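Counting begins at 1 with the first residue of the sequence. Computed from a prediction, not measured in an experiment: that's the story for all the values here.
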Amino acid sequence: MASRGPLRLAAFALALSTFAGAALASEPEKPQADKPLGVVELFTSQGCSSCPPADEFFAELAAKENIVALAYHVNYWDYLGWQDTLSNKKNTDRQYDYMRSFGSRSVYTPQAVINGRSHVNGASRKDVDGALARMDRTGEGMRVGIKVSRTSDRVTIDAGDAGNGPADAHVVIVYFDPPQMVKIGQGENSGRSLTYWNAVSDIQTAGMWHGKAQRYELPMTEISKKGGCAVLLQSVGKDGMPGPILGAAFIRKP
């Protein structure tokens, strides 16, 4: 859907068990290297009739351990009669920033941005899987390893060394909600009950990475307030627009 100006209960139970299992982890946690296949950022809306198939496919991506999948609900379809309960301005701003970065003339939903490098129809399994596989094969996947560990009071993020690769990137923390079912009362999807996964609630820049191994720390109190979060090591152009994502990892909620 272009802009000019239930999942099954078993899947939902799986998500809840994942969060519950994380809560039983012992302290302190051993650091684990995370170098996933790639990052999929889905721009979607509860008010977009084209989005439910993409949201359902996205749920499959969110369940895969080797993919960092984040869903950004945008607000520009609210005028169609239903205000997306998970949308916020930061999500919409991020999509418009990608539009400028890609040199596109408009935004659309469902749009899937792959590794910050290209975009495809978010409902197309073939296009999303193909882009992930192609970038992994051509060296445009996750090039920098990230280790995440935690203690009772902090989360430690260790970004690896780029070698002869890119020299600068932002450390971006993306917070998201637990999976939740929403009954849509009006608009193009009126009457449908849909389950949404990893819906982004906030985006923050935690620091800069300069190509060499570097450590960052976040207070555990901040992480505990959210449903979950991911860390993205993302290059940024001179114009401030988002560029390729070089590394990524989930920060598991205690």
Side-chain angles (χ1 to χ4, degrees), residues 15-16 18-19 22-23 34 36 39-48 51 54-55 58-59 61-62 67-78 83-101 107 109-116 122 146 148 150 153-157 159 169-182 194-209 216-236 240-243 245-254:
L16 294 180
T18 300
F19 279 92
D34 203 336
V39 177
V40 177
E41 298 177 276
L42 175 68
F43 292 91
T44 185
S45 172
Q46 295 169 7
C48 163
C51 287
D55 297 323
F58 178 83
L61 296 174
I67 293 176
V68 174
L70 301 165
Y72 299 81
H73 286 245
V74 299
N75 58 15
Y76 50 78
W77 293 123
D78 290 355
Q83 184 172 344
D84 192 307
T85 61
L86 300 171
S87 68
N88 64 66
K89 186 177 182 298
K90 282 188 177 181
N91 291 351
T92 303
D93 289 346
R94 184 165 176 83
Q95 188 180 25
Y96 272 92
D97 284 345
Y98 270 130
M99 179 194 76
R100 298 181 186 98
S101 178
V107 295
T109 54
Q111 179 189 39
V113 175
I114 313 299
N115 296 347
I146 294 178
V148 175
R150 62 181 174 85
D153 65 344
R154 74 192 66 185
V155 169
T156 301
I157 302 167
H170 287 190
V171 180
V172 181
I173 309 300
V174 182
Y175 295 96
F176 56 84
D177 294 330
Q180 54 189 293
M181 184 178 291
V182 176
L194 300 169
T195 301
Y196 295 101
W197 294 60
N198 296 5
V200 173
S201 57
D202 196 14
I203 310 166
Q204 299 176 359
T205 299
M208 287 287 296
W209 172 84
Y216 310 85
E217 291 185 344
L218 297 174
M220 182 58 71
T221 52
E222 187 66 20
I223 303 299
S224 299
K225 295 176 185 177
K226 313 293 184 178
C229 61
V231 55
L232 308 179
L233 198 64
Q234 185 164 29
S235 59
V236 176
M241 296 299 101
I245 296 173
L246 310 175
F250 279 117
I251 301 176
R252 304 296 178 184
K253 184 178 178 180

Residue set satisfying ring pair (Phe, Tyr, Trp, His ring centres under 6.0 Å) with Y175, at least two apart, ordered chain then number -> none
Could you tell me which residues satisfy side chain to side chain donor-acceptor pair (under 3.5 Å) with T85, sequence neighbours excluded, listed by chain and number? Q46
All side chain to side chain donor-acceptor pair (under 3.5 Å) counterparts of D78, not counting sequence neighbours: none
According to ring pair (Phe, Tyr, Trp, His ring centres under 6.0 Å), who are the partners of F58, at least two apart in sequence or on a separate chain? none
Is R94 paired with D97 through a side-chain N to carboxylate O contact shorter than 4.0 Å? no
Specify the closest pair of heavy atoms between V74 and S87, including all atoms of both residues, with the distance to one decimal. O-CB, 3.4 Å
Looking only at heavy atoms, what is the nearest atom pair of G116 and I245, with distance? N-CD1, 4.0 Å
Between N91 and V200, is there a donor-acceptor pair closer than 3.5 Å when you use the side chain of the first and the backbone of the second? yes
Passing option when V231 is tested against V172, V171, L218 for side chain to side chain contact (heavy atoms under 4.5 Å, CB included): V171
Is the backbone N or O of P242 less than 3.5 Å from a side-chain atom of S101, with the two atoms forming a donor-acceptor pair by type? yes
Relative to the ring of F43, is the ring of Y98 parallel (under 30°), tilted (30 to 60°) or perpendicular (over 60°)? perpendicular
Between T92 (side chain) and N75 (backbone), is there a donor-acceptor pair under 3.5 Å? yes
Please name all residues satisfying side chain to side chain donor-acceptor pair (under 3.5 Å) with N115, sequence neighbours left out, ordered by chain then number. none
Interatomic spacing from CG in N198 to CG in L42 - rounded to 0.5 Å: 10.5 Å
So, for W209 and A159, which heavy atoms are closest and what is the spacing to 0.1 Å? CD1-CB, 3.6 Å
The side-chain contact (heavy atoms from CB on, under 4.5 Å) partners of M208 (sequence neighbours excluded) come to D168, H170, H210
Within the side chain of Q234, is there an N or O that forms a donor-acceptor pair under 3.5 Å with the backbone of G243? yes
